[in-house]
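Comments concern the structure below.
These numbers come from a predicted model, not from an experiment.
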Amino acid sequence: MKTRTIAILGATGSIGTQALDIVRRYPGQFRADCLTAHSASEKLFALVREFRPAVAALAVEPAEIPEDLRFCQWFFGPDSTVRALIASKCQDALCAIVGIAGLDAVWHALDVCERVLLANKEALVTGGDLVMKKAAEGGIPMLPVDSEHSAIFQCLQARQGNPVKRLLLTCSGGALRDWKREAIYNATVRDVLAHPTWNMGGKITVDCASMVNKGLEIIEAHHLFNMPAEKIDVVVHPQSVIHSMVEFEDGAVLAQLGMPDMRGPIGYAMGYPNRLPYDARPLDFAALGHLDFAAPDLDRFPCLGMAIEALKAGGSAPVILNGANEVAVSAFLREQIPFGRISQIIDAALQSVPVSPIASIADVYAADAAAREAAQQTIRRL
Ligand code: NDP
Ligand code: MG
């Protein structure tokens with residue numbers, strides 16, 4: 001099999017390092033020729049030393065590049081990811097930067113790569129219409145990495161032209177699933193980072209606890225699978241064994257199952273259409289005994305409802321929701337605000353920033369800036 005070159009954008013993160021595990025396991029199939037990060041220079045140096053990419057980038061320039069790593073072409077600065085990606089000429093881009101900070105990389109990957117492997121859900125939440133249009137016009141496959149979307153993508157392989165009645169996104173419920181409203185309000189960073197089933201980066205773990213993550217995923221599914229909000233439902237499933245489901249017109253529901261391990265969906269996107277074996281723990285149904293399901297509680301987790309409403313409102317509403325959430329989550333992680341304020345900050349931004357049409361990426365960034373300013377103002381007023 002011919003080796004594919006892959007750019008790992010966000011190589012030092014949770015998704016990036018797990019993708020590199022797969023590259024490590026299949027050196028003949030993949031060559032990670034472009035590795036990028038924000039500021040974790042020591043981590044990136046270790047990866048460059050091991051994988052020997054042609055190109056690497058750090059958004060924050062380090063004091064020095066170690067002498068043994070000067071074989072590689074380095075890029076620095078805020079646009080270093082995109083410049084590195086373009087210089088690398090990689091066939092595939094794994095977009096695994098967190099937040100709207102990754103939108104630019106997705107946008108340019110659609111110009112220069114054969115396939116985009118998408119983990120960075122915020123790129124679709126904010127720029128979804130524009131990104132999907134560009135992907136369709138360029139004939140560039142967008143292969144989902146998010147586990148729910150990978151599950152749906154896999155179930156849809158059996159569609160054979162039939163219409164889809166409903167997408168069912170499963171949801172672990174996050175670290176605070178069974179907590180009472182008052183306790184949720186005062187949950188600490190430590191409480192929130194203790195995710196029951198997945199081990200992920202900080203921002204998405206907080207998003208899971210507030211359940212805004214599931215809202216972002218509804219918006220992501222809307223764009224990836226061209227489904228209206230009304231046809232996307234959420235079911236809380238604490239074991240995270242069913243990764244998501246598709247219901248067809250005859251009532252048949254197809255599900256994709258597996259132990260919770262992101263190397264499954266990452267590997268599926270990397271190897272697509274081939275399935276790459278890895279040391280996955282096999283599903284043991286007898287040991288599991290039962291799988292549980294419940295409806296999401298929008299009273300205790302209001303961010304989910306806000307995301308659904310933002311999708312229905314359209315235009316810049318999802319951008320506003322996302323921008324305010326990014327500001328609120330980072331304030332929470334710095335222990336500047338209680339957990340319960342996150343939903344209030346998002347709500348205040350959605351109330352105060354007018355929704356406008358999105359016709360260009362510049363419109364996305366303008367709405368994001370307005371949302372961030374509104375969120376900062378709310379935090380200052382607290
Ligand atoms: P992490 O925080 O673990 O990693 C983020 C990566 O992006 C790091 O390499 C980081 O570099 C880099 N990065 C952050 N900000 C910038 C920036 N401004 N410019 C350039 N690079 C930047 O995140 P995750 O891996 O958890 O998540 C990545 C994306 O994948 C998110 O959109 C998330 O929602 C999605 N996702 C993640 C899942 C998971 O299991 N983790 C599951 C499903 C989806 P540095 O280390 O230097 O800060
Ligand atoms: Mg997910």
Side-chain angles (χ1 to χ4, degrees), residues 1 3-4 6 8 10-32 47 50-51 92 94-96 115-121 141-158 167-175 193-201 204-205 208 213-214 217 220-221 224 235-246 253-293:
M1 190 175 288
T3 308
R4 282 192 83 79
I6 181 165
I8 313 274
T12 49
S14 161
I15 294 288
T17 50
Q18 293 181 86
L20 286 166
D21 261 355
I22 294 166
V23 174
R24 206 174 266 127
R25 189 171 289 258
Y26 292 98
Q29 253 190 72
F30 304 106
R31 179 170 162 72
L47 295 174
E50 178 182 355
F51 290 95
D92 292 347
L94 172 70
C95 296
R115 313 190 306 174
V116 170
L117 285 45
L118 188 82
N120 179 207
K121 65 189 77 180
M142 295 276 286
L143 298 165
V145 168
D146 211 346
S147 59
E148 295 77 0
H149 306 75
S150 174
I152 290 168
F153 182 70
Q154 293 179 52
C155 294
L156 287 175
Q157 313 287 318
L167 303 179
L168 285 144
L169 294 177
T170 52
C171 168
S172 71
L193 292 186
H195 193 281
T197 45
W198 297 99
N199 185 9
M200 309 175 287
I204 184 176
T205 309
C208 286
N213 181 56
K214 212 46 56 178
E217 291 186 351
E220 183 185 11
L224 279 172
V235 55
V236 175
H237 165 47
Q239 292 90 355
S240 302
V241 161
I242 298 182
H243 297 317
S244 277
M245 302 178 263
V246 176
V253 176
L254 298 195
Q256 187 260 332
L257 285 73
M259 293 302 282
D261 185 332
M262 279 308 293
R263 291 175 305 165
I266 297 169
Y268 186 72
M270 287 172 67
Y272 182 79
N274 302 316
R275 289 183 180 273
L276 306 172
Y278 66 103
D279 56 353
R281 277 182 302 151
L283 259 187
D284 180 342
F285 285 97
L288 277 168
H290 58 93
L291 296 176
D292 299 312
F293 306 98

Margin query: Is there a side chain to side chain contact (heavy atoms under 4.5 Å, CB included) between Ser172 and Gln239? Walk through the geometry before answering.
Written below: CA-CA 7 Å; Ser172 71; Gln239 292 90 355; over 6 Å; no
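- At distances below 3.5 Å, not a single donor-acceptor pair connects side-chain atoms of Lys214 with backbone N or O atoms of Val235.
- Residues Pro144 and Leu224 approach most closely at CB-CD1, 3.9 Å, considering heavy atoms.
- Using modelled atom types, one finds no donor on one side chain facing an acceptor on the other under 3.5 Å when comparing His149 with Glu217.
- Between Leu257 and Ala255, the closest heavy-atom pair is CD1-CB, 3.8 Å.
- Looking at Asp21 and Arg25, their side chains never come closer than 4.5 Å, going by heavy atoms from C-beta outward.
- Atom CD1 in Ile8 sits 10.0 Å away from atom OG1 in Thr17 (nearest 0.5 Å).
- Nearest heavy-atom pair, Ala96 versus Gly16, reported as atom, atom and distance to 0.1 Å: CB-N, 4.3 Å.
- Ser240 contributes no side-chain N or O that, together with a main-chain N or O of Pro260, makes up a donor-acceptor pair within less than 3.5 Å.
- One distance of note links CZ of Arg31 with CZ of Phe51; it measures 11.0 Å at 0.5 Å rounding.
- Side chains of Leu118 and Leu143 form no contact here, defined as non-hydrogen atoms less than 4.5 Å apart.
- Atom CG in Asp292 sits 10.5 Å away from atom CD1 in Ile242 (nearest 0.5 Å).
- Annotation: side chain of Phe30 is in contact with side chain of Ile22 (closest heavy-atom distance under 4.5 Å).
- For the atom pair CG (Leu169) and NE2 (His237), the distance works out to 13.0 Å, reported to the nearest 0.5 Å.
- Nearest heavy atom pair, residue Cys155 against residue Ser244, reads SG-O, 4.3 Å.
- Taking the side chain as every heavy atom from C-beta outward, Met245 and Ile152 never approach each other to under 4.5 Å.
- The distance from atom OG1 of Thr205 to atom CE of Met200, rounded to the nearest 0.5 Å, is 4.0 Å.
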Margin query: Set out, in order, the CA-CA distance, both residues' side-chain angles and the distance that settles side chain to side chain contact (heavy atoms under 4.5 Å, CB included) for Asn199 and Met262, then state yes or no.
Written below: CA-CA 9 Å; Asn199 185 9; Met262 279 308 293; over 6 Å; no
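- Legend: residues meeting ring-ring contact (aromatic ring centres under 6.0 Å, His included) with Phe285, ordered by chain and number and at least two apart, are absent.
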Margin query: Evaluate Glu148 against His243 for side chain to side chain contact (heavy atoms under 4.5 Å, CB included), listing each step before the verdict.
Written below: CA-CA 5 Å; Glu148 295 77 0; His243 297 317; 5.9 Å; no
Notebook entry, point to check: Run the side chain to side chain contact (heavy atoms under 4.5 Å, CB included) check on Leu94 and Val116 step by step: do they pass?
Noted result: CA-CA 6 Å; Leu94 172 70; Val116 170; over 6 Å; no
For a quick test of your reading: what N or O donor-acceptor pairs under 3.5 Å do the side chains of residues 264-278 make, sequence neighbours left out?
| from | atom 1 | to | atom 2 | distance (Å) |
| --- | --- | --- | --- | --- |
| Arg275 | NH1 | Gln154 | OE1 | 3.1 |
| Arg275 | NH2 | Gln154 | OE1 | 2.9 |
| Tyr278 | OH | Gly264 | N | 3.3 |

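- Under the rule for a salt bridge (Lys or Arg N to Asp or Glu O under 4.0 Å), the partners of Asp92 that lie at least two apart in sequence or sit in another chain are Arg4, Arg115.
- Between Leu47 and Ala11, the closest heavy-atom pair is CD1-O, 3.6 Å.
- Side chain of Ser150 to backbone of Asp146: no donor-acceptor contact under 3.5 angstrom is found.
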